There are 2 protein chains.
Amino acid sequence: MDVQIPVEEEIIDLAEFLKTFGDPTRLRILFLLRNGELGVQAIGDALGLHQTTVSHQLKLLRHLRLLRYRKEGRGVFYALNDSHIEQILEIGMQHIQEQI
Amino acid sequence: MDVQIPVEEEIIDLAEFLKTFGDPTRLRILFLLRNGELGVQAIGDALGLHQTTVSHQLKLLRHLRLLRYRKEGRGVFYALNDSHIEQILEIGMQHIQEQI
DNA sequence: TTAATACATGTATATATGTTCATATATAAT
DNA sequence: ATTATATATGAACATATATACATGTATTAA
């Protein structure tokens with residue numbers, strides 16, 4: 001009994017979701033946010049990135065639901081959206097550390 | 001006590017590894033191989049891909065250790081390398097299926 | 001209202017990536 | 001040795017992507 005390959009649309013969505021983990025800047029943002037929510041400026045300062053670079057990446061990360069956000073005053077605070085995100089980071093780290 | 005962000009080299013390696021999951025063709029190959037090892041031709045036939053397309057992607061997948069391979073006669077058989085691969089596919093599917 | 005702060009968006013550009021065509025290599029069959 | 005089969009590799013091209021600059025929007029302060 002064969003395991004099914006997801007249908008085209010699911011494959012596309014899954015690729016789009018997982019692709020998001022494939023960039024060093026976005027990974028740094030995700031790892032940083034494991035310590036809790038942060039504003040855009042704070043993320044840029046912590047990682048040495050331009051504000052626009054951060055905003056563009058945050059837009060992607062929230063559209064693909066890796067992050068959620070909360071507006072307060074004139075600030076916007078971003079946080080990891082669910083446990084899937086940390087799970088993938090964790091498994092990925094395990095994989096790259098298993099060099100022979 | 002803050003969780004550490006991995007060092008630059010680890011971030012780069014992790015991004016390179018996870019980026020590999022971010023393409024529909026490669027995802028199809030990975031899902032297909034959940035049923036067991038297959039040769040290059042068989043993969044192309046099953047997914048309707050050119051032999052060269054498959055070979056190029058397999059090269060990537062094996063270099064980043066998502067797949068291992070085994071030569072037998074004039075064939076080369078590819079298989080999922082370890083459980084991390086299926087775990088990431090599984091978590092990713094959970095994520096995209098959790099639409100509100 | 002005006003200025004300041006925080007964030008988002010549009011556009012341009014350099015670089016990366018996926019696929020295809022042409023061709024190479026390796027093993028097996030005749 | 002020649003031919004056939006299975007896979008790999010190199011190069012070219014079209015498309016996608018990350019970043020930076022310029023600018024827009026929203027909220028708060030003066």
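The analysis underlying the following values was restricted to heavy atoms, covering all of them including side chains, and did not include hydrogens, waters or symmetry mates. Bear in mind that the values here come from a model prediction, so they are computed numbers and not experimental data. Just so it is clear: chains get the letters A, B, ... in the order the sequence lines come, proteins before strands, and each one is counted from 1.
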Q: Assess whether atom OH of A:Tyr69 is packed by more than 12 heavy atoms of other residues, nucleotides or ligands within 6.0 Å.
A: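 At most 12 heavy atoms, drawn from other residues, nucleotides or ligands, come within 6.0 Å of this atom.
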Selected nucleotide, minimal atom distance to [X] side chain, candidates [options]:
{"X": "A:Val40", "options": "D:dA6, C:dC7, D:dA18", "answer": "C:dC7"}
{"X": "B:Leu60", "options": "C:dA16, C:dG18, C:dC21", "answer": "C:dG18"}
{"X": "A:His50", "options": "D:dT9, D:dC21, C:dA6", "answer": "D:dC21"}
{"X": "A:Lys19", "options": "C:dC21, C:dG10, D:dT17", "answer": "D:dT17"}
{"X": "B:Arg74", "options": "C:dT9, D:dT9, D:dA4", "answer": "D:dA4"}

Q) Reckon B:Gln57 touches a base, only the sugar-phosphate, or nothing at all at heavy-atom distances under 4.0 Å? A)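 Touches sugar-phosphate only.
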(Q) Counting the atoms with a prime plus P, OP1 and OP2 as sugar-phosphate, which does A:Lys71 contact under 4.0 Å by heavy atoms, base, sugar-phosphate, or nothing? (A)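 No contact.
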**Q.** Aromatic ring pairing B:His84/A:His95, orientation class (parallel under 30°, perpendicular over 60°, tilted between)
**A.**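 Perpendicular, since the angle between the ring planes exceeds 60°.
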Measure [atom1]/[X] against [atom2]/[N] and give the value in whole Å, please.
{"X": "B:Leu47", "N": "C:dG18", "atom1": "CG", "atom2": "P", "value": "16 Å"}
{"X": "B:Leu61", "N": "C:dG18", "atom1": "CG", "atom2": "P", "value": "10 Å"}
{"X": "A:Leu58", "N": "D:dT19", "atom1": "CG", "atom2": "P", "value": "12 Å"}
{"X": "B:Glu37", "N": "D:dA6", "atom1": "CD", "atom2": "P", "value": "16 Å"}
{"X": "A:Phe77", "N": "C:dT5", "atom1": "CZ", "atom2": "C1'", "value": "13 Å"}
{"X": "B:Glu16", "N": "C:dA16", "atom1": "CD", "atom2": "C1'", "value": "12 Å"}
{"X": "B:Lys59", "N": "C:dG18", "atom1": "NZ", "atom2": "P", "value": "13 Å"}
{"X": "B:Asp45", "N": "D:dT5", "atom1": "CG", "atom2": "C1'", "value": "13 Å"}

Q: Please answer whether C:dT9 and A:His56 are stacked, defined here as ring centres separated by less than 5.5 Å and planes angled under 30°.
A: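 Ring-base stacking flag set for A:His56 and C:dT9.
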Nearest-0.5 Å distance, [atom1] of residue [X] to [atom2] of residue [Y]:
{"X": "A:Leu49", "Y": "A:Gln57", "atom1": "CG", "atom2": "CD", "result": "8.5 Å"}
{"X": "B:Glu10", "Y": "A:Ile96", "atom1": "CD", "atom2": "CD1", "result": "5.0 Å"}
{"X": "A:Leu89", "Y": "A:Leu80", "atom1": "CG", "atom2": "CG", "result": "7.5 Å"}

Below 4.0 angstrom from OP1 or OP2 of [N], is there any side-chain N or O of [X]?
{"X": "B:Arg62", "N": "D:dA8", "answer": "yes"}
{"X": "A:Thr53", "N": "D:dA20", "answer": "yes"}
{"X": "A:Tyr78", "N": "C:dA6", "answer": "no"}
{"X": "B:Arg26", "N": "C:dG18", "answer": "yes"}

**Q.** A:Thr25 vs A:Thr52, nearer the 5' end of DNA chain D by closest nucleotide
**A.**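 Per heavy-atom nearest nucleotide, the more 5' residue is A:Thr25.
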Q. In terms of the nearest nucleotide of DNA chain D, which residue is placed more toward the 5' end: A:Gly73 or A:Gly22?
A.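 With A:Gly73 and A:Gly22 compared, the 5'-side residue is A:Gly22.
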**Q.** The single option from A:Arg62, A:Glu37, A:Arg68 passing side chain to side chain donor-acceptor pair (under 3.5 Å) against A:Tyr78
**A.**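 In the set A:Arg62, A:Glu37, A:Arg68, the residue that makes a side chain to side chain donor-acceptor pair (under 3.5 Å) with A:Tyr78 is A:Arg62.
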Q. Would you say the side chain of A:Gln51 and the base of C:dA8 hold a donor-acceptor pair, judged only by whether the two atoms sit under 3.5 Å apart?
A.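 Donor-acceptor pair under 3.5 Å: yes.
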